[in-house]
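Down below is the structure, laid out as structure tokens.
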Amino acid sequence: MALLEVRDLQVSFETPDGTVEAVRGIDFSLQPGEGLAIVGESGSGKSQAMLAMLGLLAENGSASGVARYRGQDLMAMTPPQLNAHRGKDIAMIFQDPMTSLNPYLSIERQMVEVVRHHQGLGRREAQTHAVEMLRAVRIPDPEQRIKQYPHEFSGGMRQRILIAMGLLCEPAILIADEPTTALDVTVQAQIAALVREVVARSGMASILITHDLGVVAGVSDKVMVMYAGQVVEYGTTEQIYHHPQHPYTRGLIASVPRLDQVDDRQLHAIPGNPPNLLDLPQGCSFRERCGAAFEACGAAPELAAAGQGQQVRCHLERDA
Amino acid sequence: MKSAEPAALDAFEAALTLGDVKGRSPWEDAWHRLLKNRAAVISALLMGMMILVVIFGPMLSPWDLDYTDWDHTNSPPSLANGHWFGTDAVGRDILVRTLQGGRISLLVGVVATLVSLLIGVTYGAIAGYYGGVTDRIMMRLVDIIYALPFMFFVILLMVVFGRHIVLIFVAIGAVNWLDMARIVRGQTLGLKRMEYVEAARACGVENRDIIRRHIVPNLLGVVMVYVTLTIPQVILVESFLSFLGLGVQEPMSSWGALVNDGAQDMESAPWTLVFPAAMLTITLYCFNYIGDGLRDALDPKDRL
Amino acid sequence: MSANMKRRVGPGQAKPVLKVQDLAVHYQLEQGGLLRSETVPLRAVDGMSFELYRGETLGVVGESGCGKSTLARALLGLVRPRRGRVLWLGQDLTQLDEKALRKKRKEIQIIFQDPLASLNPRMTVGDIIAEPLWTFYPKIARVQVEERVRGMMKMVGLLPNQINRYPHEFSGGQCQRIGIARALVLNPQLIICDEPVSALDVSIQAQIINLLRDLQRKLRLSLLFIAHDLAVVRHISDRVMVMYLGRAMEVASADALYRRPLHPYTSALVKAVPIPDPALARQPVDTGLTGDMPSPLNPPAGCVFHTRCPYAVKRCQLEVPPLRRLEHGDWVACHRAEELDLTIVKRPSSTV
């Protein structure tokens, strides 16, 4: 049985300008220990889908669909029921390490609180556990540093602390929303390696949300590419990198500037702008930015199998 | 646009020939959001009516402000004798007095707020934008004035200059601009670090144009909300002063003064208290709803 | 210089348009006080020298807190340097008063990191692009201003009929185009790009980089391109300067820098760039770096990088290495540059 099974997840927001359909029906499943990357531009709905699952949508948002965690539907749960799962079974790490930590509480207070709440450990045990976790994310001198406050740490260190907090209750699923975007390049490499390492060591499943296909390669087994609230391509990391089928995926890969390849000075760009969700084109949402669009694209394509488990939402690939 | 695909390029070329698209400014957006806020719209309509009534009502009324109707002293509200809101102990018409009092209360509220707006915005924007020693000296001055006990200040003014309505404006305005200056300074400190202000400086735009074009228009949202919340506060302060007998002078009246009079006859003639108190309360509620509505409308946070 | 270098312009061919000598900017951090306050110096930029040629792009790379944004602001005169000279076409900008400096702003412009934050939300696109024109040519007719603004919009790939719209009605990439149009409207000769693409989606980054390159060629602009992403910088720069804690570690041609870094810090930066290839990316990356960047309030003695350098020796703790020119023409600030071989071993790609 899949660890997480999502069926027809939809998210919409009521705004003064009309209803925004941020996520328009996505399906996926996550096996224990599997690493999934959800890739897309801003406005593709990648973060909102995850927030909806955890009941963390903004006030004007609403969601429907099914998200079964070990057979239990998260979407049907009451807030207190969900709360019992959040952090304990499914943990989420956010992009900005500064705003995710309470500046007025010491790291110790914040970590111990989580452990005691979810695991019912005593203060002593909780402290020891927290120190161990900080050591696991390679924070030097954790016994001393745990007494400090968030502003006394650098950005990279704060992101390590957040990861440690995410791991505290040994969740079955770790969701990381752009965990390295706000960090410097050298720190990004360290954090990416750290995530890879802790995920592999603990055998937990992970979902990495990002706009940069460049950072996905080393971390995930499967990649799901989203555009305008829909999945446009799904496959293993190798399939996505070596045999991308959707023109959008190809564009994303080509637009990552590479250091390791012979220099071709003109970068490939995807023309146009991210979709306006209030005013999507008829038919295929990517049509207006697609170099390969033809008459059939006036009708919306379905997500269809493209061999060896790969799925793609494009008329071209179907006909080929 | 070398990299653009042919289809996109064609679309771009085609769109070049189209007419100008009208933009929607943040103000228009806020206006549309405000119109969808029912409480704020109803409050605004009520306030509009209230203002019209207090301006024109007394002109249409058969009774004068200080006319004493000896036939109907202490009359309860009655359609028959023409005193719809009743009369007080000396036979003056409560309706006219309430409307007249509303004029004064609203006038004090609006004028004192405008005075504090003008001084506060200028002072706060200058202190915030120039910063450094200028800021420190200007804000210390604000702290010093702030530390003066307000009541003592008002009584002192009354003793020295006698009771006069202008003094009420001065007294309230003198205190209220301090808050406005602090709020505006804080906002300006944030705004001057915005990249568009830096961009303007990098383009060589002069300081006074930066304040005029980039700082003040972006302050207005917060200021407008604060203004709508200050007006009821000022009305309340005036009522308080009148209640203490430090407000407007007879035969002029204000809601506060009327409530004070009414409170004394509360048991024998409750209408003398109820009507001005109700008007005052409705006004305070309305301004607060409008202020809340404005804040929601101008705050772009809930935008997706 | 190696033959496969596609440098269009560079040192040795002309006089530089911009020459920076020993530039230092120190911020005085205030701490409390009623009318007076204690100050602690923060050495954001500490003794930098470099040159920039006409039509050249100089990339500036470094992590947050290395002083690269301060450098940009100092070149524009938005912050006053503590010492050093900024020679723009032979004239020292640091010696000019406010009024004279303002005139020079026509020639040097800036593009910011956050495209939306750099545009006043209450002004229309037309007014935003026109503001520099109003400032420098207050007497110019409105029709002419509008014509010029529309021309600029078309040039940067915006539809001129959007002239009356407001910034919030555009996407991030379009907002950045507006910022570029504003920077170009006065026909400047130098554009300082302060992380112009780091707030954008990867797919849009490429558009903006290509646009900047095309405009640069067309208008023969000099660019100072600041970024923290080496891969981006490589694609646009002729030469690259690597900064660390307010100092230049290395200045080299873009190609040489990535093939054979001269400074251990550059080598770490190059290795840290993620590779979009599953097989390669799963191999462990060792940047060689240890620890975090020290606080610029309290920089290490000697070489500022020695606390994190895998090759540091005793001398590095004692002596500040000067930025010096090596035989093949590139510059480096490292005592051990000659003995270290930091050539990047190109790993075989798994691309089929």
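In this text the structure is predicted, and so the values were computed from the model without any measurement. Chain naming here is simple, since letters A, B, ... match the order of the sequence lines and numbering starts at 1 in each.
Here the shortest heavy-atom pairing between C/L78 and B/R201 reads O-NH2, 3.4 Å. Taking both residues in full, the closest heavy atoms of B/P26 and C/R122 are given as CB-NH1, 3.3 Å, listed atom of the first, atom of the second, then distance.
Proximity of a side-chain donor or acceptor of C/R73 to a complementary backbone N or O of B/E198 within less than 3.5 Å is not detected. No side-chain donor-acceptor contact under 3.5 Å links C/R105 to the backbone of B/C203. Proximity of a side-chain donor or acceptor of B/E195 to a complementary backbone N or O of C/L119 within less than 3.5 Å is not detected.
Annotation: maximal heavy-atom pairing with chain B below 4.5 Å, among C/V185, C/D114, C/D127, occurs at C/D114. Between chain B and the residues C/I163, C/T124, C/N120, C/T135, the most heavy-atom pairs under 4.5 angstrom are made by C/N120.
Counting heavy atoms from C-beta on, the side chains of C/P167 and B/Y196 never come closer than 4.5 Å. Looking only at side-chain heavy atoms (C-beta outward), B/M194 and C/F112 stay at 4.5 Å or farther from each other. Contact of the B/K22 side chain with the C/R165 side chain is not registered, since no non-hydrogen atoms from C-beta on lie closer than 4.5 Å. The side-chain heavy atoms of B/D209 and C/E131, taken from C-beta on, include no pair separated by under 4.5 Å.
Counting non-hydrogen atoms of other residues, nucleotides and ligands closer than 6.0 Å to CZ of C/R80 gives a total above 12. Around atom OH of B/Y289, no more than 12 heavy atoms belonging to other residues, nucleotides or ligands sit under 6.0 Å away. With a 6.0 Å radius and a threshold of 12 heavy atoms from other residues, nucleotides or ligands, B/Y285 has its OH atom at or below the threshold. Taking a 6.0 Å sphere around CD of B/E28, one finds it holds more than 12 heavy atoms contributed by other residues, nucleotides or ligands.
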